Student: 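Have a look at this one before I ask anything.
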Amino acid sequence: MTIYRLFSRLFTKAKTIQKIIQHSKAGNFIQLKPKLYKESIHLDKNMVLAGDIHDETIIEGLIIIPKNVSVTLQNLTISPTAQMYIEGEAVLQNCHFKGGKNDIHVTVDGGKLNAYHCNFEHARDMALSIINNSKVIFENCNFDHNGKTQILAESSQVYIEKCEFSYAKHGLCIRNGSFVQSRNVHFHHHTSAQIVVEDSRFIDHESVIEHGDGMGIHIYHEGDASIQSTVLQYNTQTQICVQRALLTARYCSIQQGKDAGISITQNSEAQTFHCEIAQNKKSNVVVTKDSKMNIEFCKIHNGENIGIQICDNSIVNVFETMIKGHRSSQVTIANKSICSMKKCEVSGGYHVGICIEDNSNCSIVECEVTHNANSAITLFKSELSIFKSTLTQNVGNGILAMSESKVEVDMCKFYDNEMPHIACKSNVEIYIIQSKLFNGKSLFIVNECELTAIDCQFYDSLNVQIEICDLSNARFENCQIYNGKSYGVKVLRNSSLYLFDSQIFNHELSQMVVNDSSVILKNSELFDGNRNALYIQNHSEVFLTDCFISKHAQHQLWIDFESTVELKSVQVTDGTLSDIFAQNQSSVYVSDSVIRNNKSRFNVQAVNFSNIEISKTIVENIYGDVYYSENHSFIKQLDT
């Protein structure tokens, strides 16, 4: 198409732009004089309309570009009542829209617009309204102080690059099936949500969204946003809020907000990869009301409240993520929610590491929960499965389980926690498999709890290593309990213990204390203790079969206060004092056993109304006197 350049001198007789257009041909380049034109313009043919490069060319009036017309406007100032209506195609280059009296600068209705190096400012309502399947591109443009929203996109497509949006209510409002893509855009100082996405698709790369008085990005009503390398910071409300919508975030920074970092709510779904979410005044991440979220390779740290808050039937998966330094719980899972964590670090919190409550469920695999100022994991009426993980150097417990919770611990390490590594209270069921608990009290089980431990090691405690109390039941299979500076095991207050194929050895105090409780030991060993092997008292009942007991510095079995003990196929050897000492109306029954002692004169003693019956048992020492009884007590050997 041939383009004719008509210089302004040719139009000295034409008084208006409209007349210039009427006398021009399609494709003409029209150069306007630098002055103020107060008129409305209907551009009914393809052309280029250019203002002066050096002096201001101002148009004040309505500009219409109808369908099937393609127009380029260059170096023009559109002010202050002017509006532009585009149904055709327009290119704006270095144009300046000054508002003040008009509601909307530009309306694109089913048309196309490319804007380069343009300024849009001070419209009372919005800078641009883009509707009805329009297609618009902005590059290196500035949007400033434009009323309710800088750009409204409805059922249209918009591409924005290297632009700046500031000082309006909203930066972008994207609605009704629109598609908007932005890159390297700066949004700041909007009074409400800087970007609103409703029932539309929004993609951003490398933009900065900051210093807003509302939200950074608000996605709702089936909206879908994908952001990459985007920075959100210093926004007054939630930096990203997702309601009944979708979010995908990659390599983003979401920091220094005055509210939450990310809020996923009302059946929403979100995925975050390689993001840093930090230093927000409220929770860094909130997932609530039946929502789902996947967090991978992220850093979530130094929040003033909770790190990740999951509640109201929500589901969250966390993978290879660092969570640290939060003032409240680092992770909270509540109200029938589910969380799975793998290869994560939860450390340096000012409160609980992971809190699970109200019928929630948490699965933890290959994680480290360390250096928290309270318990590493606390659960209340909930379920926990933890596998191949380490819980260490927490000020509280490793795991504190309460009120009908269920816990499964498999192949884990607990050490250097200031309170018991695992504490269970009130109807808790706990299974511990192939785990190591050391350098701290291992287990404290109280109030009708059920414990099963298989293939575990408990050692090097400065306090009681294992304590089973108050109507609780415990079962140990193929376990080792050793090297404690106090007692090995205490079974107290109407509790019960079953120890099978296990070893207890090398404790400073009694290896096992049984008080008002019952214990069964089968195929197990108790040896090398600095006091008793078993200290049994207060109406307790103990049954030992196929066991080996040796090398204790005090009476190997001390039975006291109306307790009952039965030994079957047991070897009791090499004690420093008596092997069996029963007193205060206690009873002992021994069969098919060996009681051999070369350090004490009496292998078996009964005092203060106590009874001992021995059958099919070898009892001997080098001194010859193996029995001693006094004060209405007797020792009866049923076979001679």
Side-chain angles (χ1 to χ4, degrees), residues 115 127-128 130 135-143 149-154 156-166 168-190 192-212 214-235 237-243 245-257 260-264 268-278 280 285 293-298:
L128 289 102
I130 303 167
K135 296 181 179 179
V136 178
I137 296 174
F138 298 98
E139 292 185 17
N140 295 290
C141 294
N142 182 68
F143 302 81
T149 183
Q150 314 273 18
I151 295 176
L152 170 66
E154 291 192 353
S156 297
Q157 298 178 30
V158 181
Y159 178 83
I160 307 167
E161 184 171 1
K162 296 180 181 178
C163 295
E164 183 174 356
F165 293 73
S166 60
K169 184 177 181 181
H170 302 291
L172 297 175
C173 285
I174 308 164
R175 297 175 178 168
N176 299 336
S178 293
F179 174 79
V180 175
Q181 184 170 1
S182 58
R183 180 183 291 274
N184 196 16
V185 178
H186 189 192
F187 298 88
H188 61 95
H189 292 97
H190 293 89
S192 189
Q194 306 219 52
I195 299 172
V196 177
V197 183
E198 178 187 2
D199 188 25
S200 298
R201 180 93 169 101
F202 172 64
I203 298 175
D204 180 77
H205 296 264
E206 301 174 347
S207 293
V208 177
I209 305 166
E210 62 179 350
H211 293 291
M215 300 175 187
I217 303 174
H218 188 192
I219 312 154
Y220 67 105
H221 291 168
E222 311 303 325
D224 185 352
S226 296
I227 59 176
Q228 182 166 327
S229 302
T230 303
V231 175
L232 291 101
Q233 59 189 11
Y234 303 110
N235 293 291
Q237 296 182 22
T238 303
Q239 307 234 46
I240 301 177
C241 181
V242 186
Q243 296 175 296
L246 304 175
L247 169 70
T248 303
R250 293 181 171 87
Y251 298 96
C252 295
S253 174
I254 303 164
Q255 301 191 54
Q256 301 287 350
I262 299 178
S263 175
I264 313 298
S268 296
E269 295 186 14
Q271 297 192 65
T272 58
F273 307 93
H274 302 279
C275 293
E276 184 171 5
I277 308 167
N280 295 286
V285 177
M293 188 172 186
N294 183 55
I295 302 170
E296 297 187 19
F297 310 106
C298 292

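Model, not experiment: these values are computed from the prediction.
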Student: Can you name the closest pair of heavy atoms from Gln239 and Asn280 and give their distance?
Tutor: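 Here Gln239 and Asn280 meet closest at NE2-OD1, 3.0 Å.
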
Student: With heavy-atom distances below 4.5 Å as the criterion, would you say the side chains of Gln243 and His221 are in contact?
Tutor: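 A side-chain contact is absent here, since even the closest heavy-atom pair is not under 4.5 Å.
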
Student: Taking all atoms of both residues into account, what is the closest heavy-atom pair of Gly216 and Leu232, and its distance?
Tutor: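 Looking at all heavy atoms of both residues, the closest pair is CA-CD2, 4.0 Å.
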
Student: More than 12 heavy atoms of other residues, nucleotides or ligands under 6.0 Å from CZ of Phe179: is that the case?
Tutor: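 Yes.
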
Student: Do the side chains of Leu128 and Val158 get nearer than 4.5 Å, heavy atoms only?
Tutor: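 A side-chain contact is absent here, since even the closest heavy-atom pair is not under 4.5 Å.
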
Student: Would you say the side chain of Ser182 lies within less than 4.5 Å of the side chain of Phe138, judging by non-hydrogen atoms?
Tutor: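 No - every pair of side-chain heavy atoms lies 4.5 Å or more apart.
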
Student: Applying side chain to side chain contact (heavy atoms under 4.5 Å, CB included), name anything that partners Phe273, two or more places apart in sequence or on another chain.
Tutor: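 Here the qualifying residues are Thr248, Arg250, Gln271, Asn294, Glu296.
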
Student: Please enumerate all residues that pass side chain to side chain contact (heavy atoms under 4.5 Å, CB included) together with Ala127, with sequence neighbours excluded.
Tutor: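 Listed in chain order: His105, Phe120, Phe143, Asn146.
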
Student: Can you name the closest pair of heavy atoms from Ala270 and Ile264 and give their distance?
Tutor: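 Residues Ala270 and Ile264, closest heavy atoms: CB-CD1, 3.6 Å.
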
Student: So, does Thr238 use its side chain to make a donor-acceptor pair with the main chain of Ser263 at under 3.5 Å?
Tutor: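 Answer holds: no.
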
Student: Report yes or no: does Asp224 contribute a side-chain atom to a donor-acceptor pair with the main-chain N or O of Arg201 at less than 3.5 Å?
Tutor: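 Side chain of Asp224 to backbone of Arg201: no pair is present.
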
Student: Under a 4.5 Å cut-off applied to non-hydrogen side-chain atoms, are Ile151 and Val180 in contact?
Tutor: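 Answer no - side chains too far apart.
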
Student: Taking atom CD1 of Ile240 and atom CD1 of Ile227, what is their separation to the nearest 0.5 Å?
Tutor: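 Between atom CD1 of Ile240 and atom CD1 of Ile227 there are 3.5 Å.
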
Student: For the CG atom of Asn176 and the OG atom of Ser156, what is their distance to the nearest 0.5 Å?
Tutor: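 Answer rounded to 0.5 Å: 9.5 Å.
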
Student: Would you mind reporting whether Phe165 and His190 have side-chain heavy atoms less than 4.5 Å apart?
Tutor: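 Yes - at least one pair of side-chain heavy atoms lies under 4.5 Å apart.
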
Student: Once rounded to the nearest 0.5 Å, what's the spacing between atom NE2 of His205 and atom OG1 of Thr230?
Tutor: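 Nearest 0.5 Å value for the NE2-OG1 distance: 8.0 Å.
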
Student: Taking atom types as modelled, find out whether Gln233 and Gln255 have a side-chain donor-acceptor pair closer than 3.5 angstrom.
Tutor: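 There is no such pair (donor and acceptor under 3.5 Å, judged by atom type) between the side chains of Gln233 and Gln255.
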
Student: State, with a plain yes or no, whether a side-chain heavy atom of Val208 is found less than 4.5 Å away from one of His188.
Tutor: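 In short, these two side chains do not touch, never coming nearer than 4.5 Å.
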
Student: List the steps and the verdict of side chain to side chain contact (heavy atoms under 4.5 Å, CB included) for Gln181 and Gln157.
Tutor: CA-CA 8 Å; Gln181 184 170 1; Gln157 298 178 30; over 6 Å; no

Student: Contact between His186 and Ser166 at the side-chain level, heavy atoms closer than 4.5 Å - yes or no?
Tutor: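 Of all side-chain heavy-atom pairs linking Ser166 with His186, none is under 4.5 Å.
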
Student: Yes or no on side chain to side chain contact (heavy atoms under 4.5 Å, CB included) for Glu206 and Arg183, after CA distance, side-chain angles and deciding distance?
Tutor: CA-CA 6 Å; Glu206 301 174 347; Arg183 180 183 291 274; 4.2 Å; yes

Student: Working to the nearest 0.5 angstrom, can you tell me the gap between Ser192 OG and Lys169 NZ?
Tutor: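 Result: 5.5 Å between the selected atoms.
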
Student: Is Gln237 reaching over with its side chain to a backbone N or O of Ala193, donor-acceptor style, under 3.5 angstrom?
Tutor: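 It does not hold such a pair.
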
Student: Side chains of Ile262 and Leu247: closer than 4.5 Å at any heavy-atom pair?
Tutor: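 Yes, side chains in contact.
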
Student: CG/Leu172 to CD1/Ile160 distance, rounded to the nearest 0.5 angstrom?
Tutor: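 Output value for this atom pair is 4.5 Å.
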
Student: Check Gly171 against Thr149 and note the closest heavy-atom contact, atom names and distance.
Tutor: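 Nearest pair, atom of Gly171 first, then Thr149: O-OG1, 3.8 Å.
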
Student: Can a donor-acceptor pair be found between the side chains of Tyr220 and Glu198 at a distance below 3.5 Å?
Tutor: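 Indeed, the side chains of Tyr220 and Glu198 share at least one donor-acceptor pair under 3.5 Å.
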
Student: Can you tell me how far CD of Gln150 sits from CG of Asn142, rounded to the nearest 0.5 angstrom?
Tutor: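 If we round to the nearest 0.5 Å, Asn142:CG and Gln150:CD are 8.5 Å apart.
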
Student: Please find the pair of heavy atoms, one from Ser178 and one from Ala153, that lie closest to each other, and give the distance.
Tutor: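 Where Ser178 meets Ala153 most closely, the heavy atoms are OG-O, 3.1 Å.
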
Student: Tell me, with the steps shown, if Phe202 and Ile195 meet side chain to side chain contact (heavy atoms under 4.5 Å, CB included).
Tutor: CA-CA 9 Å; Phe202 172 64; Ile195 299 172; 3.8 Å; yes

Student: Please report the closest heavy-atom contact between Gly223 and Ala245, naming both atoms and the distance.
Tutor: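 Reported closest heavy-atom pair: O-CB, 3.1 Å.
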
Student: Under the 3.5 angstrom rule, does the side chain of Ser207 hit a backbone N or O of Val185 as a donor-acceptor pair?
Tutor: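 Confirmed, Ser207 side chain pairs with Val185 backbone.
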
